[in-house]
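Remember, it's a predicted structure, so these values are computed and weren't measured experimentally. Counting convention: from 1, in listed order, for ligands and their atoms alike.
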Amino acid sequence: MITILLGAPGVGKGTQAQLAAGAHGWIHLSTGELLREEVAAGSELGTQANEFMSRGDLVPDEVMVGMVAARIESLSPEDVLLLDGFPRTLVQAKALEAASPSGSIGLALYFTAADSVLTQRLLGRGRKDDTENVIQHRLSVYRETTQPLVAFYSERGLLSEVNADRPVEDVQSDFLNTVQNALGKTNLA
Ligand code: ADP
Ligand code: MG
């Protein structure tokens, strides 16, 4: 089953996915981490991607779809994949739908927190692209381009919202319950 993690930068998607994947043998696929590895390795892809990332812009859809599609194809039916950082655009969401076996997208988990909370967390994280100006730009790109996916998955009956402005363990407990519940439904299908 594919679980999509939706929510603004800094809301805690990576933190939650890493915890859940470690505890349950689920697969955490973070496109941001993959890109940062490419940048660190100095690959051609990394060099191109870094231009977008350092400005707080999205890496082009073709690149991102190419990166994820191969990994979707290699999934086994019993795998639980936590998709973190993808899709971020409607084009990506449609490409994911086309690449996924029918019924395999079981859940879109939407993490929410106020902008002031997000900004504080991102400044605390202190990644290279977590400077004040770049953060503001990433949040506005998120609102314009990624936020519409909330309606997209809600229309498909896949959306579940989690209040992420709480301690990590409390968010994790809701996260796990929601994934288990969705897994139960796919098993019955
Ligand atoms: P995302 O992957 O959604 O951008 P991260 O998981 O990288 O977000 O989290 C951003 C920052 O916020 C990290 O420094 C992380 O330690 C912190 N953080 C994540 N979840 C919480 C939480 N529930 N409470 C407080 N801080 C958190
Ligand atoms: Mg992240």
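In this structure, Leu149 is a member of the same hydrophobic cluster as Leu96, with clusters built from ILVMFWY side-chain heavy atoms closer than 4.5 Å.
Contact check for Leu75 versus Ile27: side-chain heavy atoms found under the 4.5 Å cut-off.
Side-chain N or O atoms of Arg55 include none that pairs as donor or acceptor with a backbone N or O of His137 at under 3.5 Å.
Within 4.0 Å of ligand 1, contacts by protein heavy atoms are made from Ala8, Pro9, Gly10, Val11, Gly12, Lys13, Gly14, Thr15, Arg121, Arg125, Ala164, Arg166, Pro167, Val168.
Cation-pi check for Arg88 over Phe86 is not met; the charged atom does not lie both under 6.0 angstrom from the ring centroid and within 45 degrees of its normal.
Between the side chains of Glu44 and Gln48, at least one donor-acceptor pair of N or O atoms lies under 3.5 Å.
Annotation: salt bridge (charged side-chain N to carboxylate O under 4.0 Å, His left out) contacts of Asp61 (sequence neighbours excluded): none.
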